There are 2 protein chains.
Amino acid sequence: METQGGFLISRIKHLADRVFERMLKECGIDAFNGAQGRILYVLWQHEELPIGRIGQLTSLAKTTLTGMLDRMEEAGLIRRMANPGNRRQILVSITPKMKDYRDQYEQVSQKMNRLFYKGFSDEEIARFEVRLKAIIRNLESEGDDLENG
Amino acid sequence: METQGGFLISRIKHLADRVFERMLKECGIDAFNGAQGRILYVLWQHEELPIGRIGQLTSLAKTTLTGMLDRMEEAGLIRRMANPGNRRQILVSITPKMKDYRDQYEQVSQKMNRLFYKGFSDEEIARFEVRLKAIIRNLESEGDDLENG
DNA sequence: GACTTATTGTACCTTATAGTACTATACTCT
DNA sequence: AGAGTATAGTACTATAAGGTACAATAAGTC
C-alpha cells in the first residue's frame, strides 16, 4: 500500500504556517507570530510551566525552546522565573499584558480551522482529530520524547 | 466546536521530522536529510522540473527552494540546467548517482509510515489521507500558491 | 558523606523556511 | 516596436528547529 502521510503532513504544515501568519497580521495581531502563538497557547492553559513541560505539550525540542523563549522574553511576552522548589527548573509564565490576547488568538485560530476543515462535517473533524492524536502517540512512543525531555 | 487541527499538525510535523531524521541515519542514508529527501521524492517521480513546480509539489516557497537547492547542488544531489525554451526557467534534475537511492528512501519512508499509522487499518489510512489532501486543497485555495508559485 | 547517574536548561552551530526586494526574461496590447 | 504587466528565480535577512556538548542541580547508591 502506497502511503505518504509524512509528506502530506509536511505540505500541510508549510501551507498552514503561511496562511496563519497572514491571518494573524490581517487580524491586527503583530505582538507575536504563529510559532510563538503555539507556545502562548499552552501557557494560556497552564499559567506557569517548566520548559521541559512546554516541550512535551508543543512537541518542540528543548533546544528549540531556549531560543524561542529568549525572543519572547525580549519582546515582553513571557517571563522566566526560578523555581525555588527545584533549582534546575525555570518556570515560564505569560506577562499580564499578554493575557488579554487570548480571546483574539482564539478567534484567529478558529478562523484558521474553518478554512482548514472547509467541507468537513463536525463528525468528520472529530474523527480526523482522533486520528491526529493517535499519530502523535505513535510517534511519541518511538522514544523521541525521552531524548527531548 | 473546539478544534485544533493546526496545532496538532505542527506537533506531528516536529515529532515526525525528528523520528525520520533518525531513521534515515539508522538505515545508513547519510547523503541527504529529511527535508532534502522530500525534494528528491518529487524529482524521482518527474525526472526534470522547474523550481516553481517543485514548490507546488512540495508546498515550499520558492525562496526556501533557492537555499535548499544550493546546498543539494553543492552536495552533488541535483543539477540545475537552463531551459532553452524559456530562459527564465531553471530545470532541476537528479544526478545519476542519486537515482540509486530511490529504493532505499522508499523503504525508510514505508518504515516511517508503518510507525506513523500504527493501529490504523488500511481503510482508515486511505480515508485519513483523503482528508489530508482535502486540507491541502483548502489551504491552497486561500491563494497562497499564487504568491508562492 | 562521597560517587555516580539522571534531570533541567543553555551555548553554539547548522539547516530549514519564508518575506521583501530585486533582476531577467516572457507575454500582451496598442 | 514600445510600454506595461506577469513570470521565474535569486540575494539578503530574520526566525524556527534541533543536534552536540556542556554546566548546574537533584536523586540514588554504597
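We name chains A, B, ... by the order of the sequence lines, and we start the count at 1 in each one. What you see is a predicted model, and the numbers here were worked out from it, not measured in a lab. The basis for the numbers below is simple: all heavy atoms, side chains too, and nothing from hydrogens, waters or symmetry mates.
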Note: for A:N33 and A:R87 on DNA chain D, the residue whose nearest nucleotide lies more 5' is A:N33
In whole angstrom, what separates B:D30's CG from C:dT15's C1'?
16 Å
Within the supplied structure, the quantity of interest is the number of heavy atoms (other residues, nucleotides, ligands) at a distance under 6.0 Å from A:E123 CD; does it exceed 12?
no
Can you measure B:L24 atom CG to D:dG19 atom C1' for me and round it to whole angstrom units?
15 Å
Do you know which two heavy atoms are closest between A:S141 and B:L115, and how far apart they sit?
OG-CD1, 4.3 Å
Do other residues, nucleotides or ligands put more than 12 heavy atoms under 6.0 Å from the CD atom of B:E74?
no
Report the distance from atom NZ of B:K62 to atom P of D:dT10, rounded to the nearest whole Å.
10 Å
Atom CD1 of B:I51 and atom P of C:dA24 are separated, to the nearest Å, by 17 Å
For A:M81 and A:E48 the tightest heavy-atom approach is CE-OE2, 4.0 Å
Look only at the side chain of A:Q36 and the backbone of A:N33, and say whether a donor-acceptor pair between them is shorter than 3.5 Å.
yes
Both B:D17 and A:N86 contact DNA chain D. Taking the nearest nucleotide for each, which residue is further toward the 5' end?
B:D17
Contacts of A:Q89 and B:I39 projected onto DNA chain C by closest heavy atom; the upstream (5') one is A:Q89
By nearest-nucleotide position on DNA chain C, the 5'-leaning member of A:E21 and A:L91 is A:L91
So, OP1 or OP2 of C:dT10: does either fall under 4.0 Å of a side-chain N or O from A:T66?
yes
Listed by chain and number, what are the ring pair (Phe, Tyr, Trp, His ring centres under 6.0 Å) partners of B:F32, not counting sequence neighbours?
B:Y101, B:Y105
A:E106 atom CD, neighbour heavy-atom count above 12 within 6.0 Å
yes
I want to verify a distance call: between C:dT10, D:dA17, C:dG19, whose nearest atom is closest to the A:T63 side chain?
C:dT10
So which of A:I54, A:I39, A:L49, A:L43 actually passes side-chain contact (heavy atoms from CB on, under 4.5 Å) with A:I78?
A:L43
Whole-Å distance, A:R88 CZ to D:dA26 P, equals 7 Å
Within the pair A:T64 and D:dG18, is there a side-chain N or O less than 4.0 Å away from OP1 or OP2?
yes
Nearest-nucleotide pick for B:A61, side chain only, options being C:dG9, C:dA18, D:dA17:
C:dA18
Starting at atom CG of A:L60, determine the distance to atom P of C:dT10, rounded to an integer number of angstrom.
14 Å
Please give the angle, rounded to 10 degrees, between the axes at the start and the end of the helix from C:dG1-D:dC30 to C:dT30-D:dA1, where five pairs define each axis.
30°
What is the separation between atom CD1 on B:I90 and atom P on C:dT25, rounded to the nearest whole Å?
11 Å
If you take all heavy atoms of B:S59 and A:R11, which pair is closest and at what distance?
OG-NE, 2.8 Å
I need the minimum non-hydrogen distance between B:V19 and A:E142, along with the two atoms involved.
CG1-CG, 4.1 Å
Just to be sure I understand the geometry, which residues of residues 67-82 of chain B put a non-hydrogen atom under 4.0 Å away from DNA chain D?
B:R80
Whole Å only: how far is the CG atom of B:L65 from the P atom of C:dA18?
9 Å
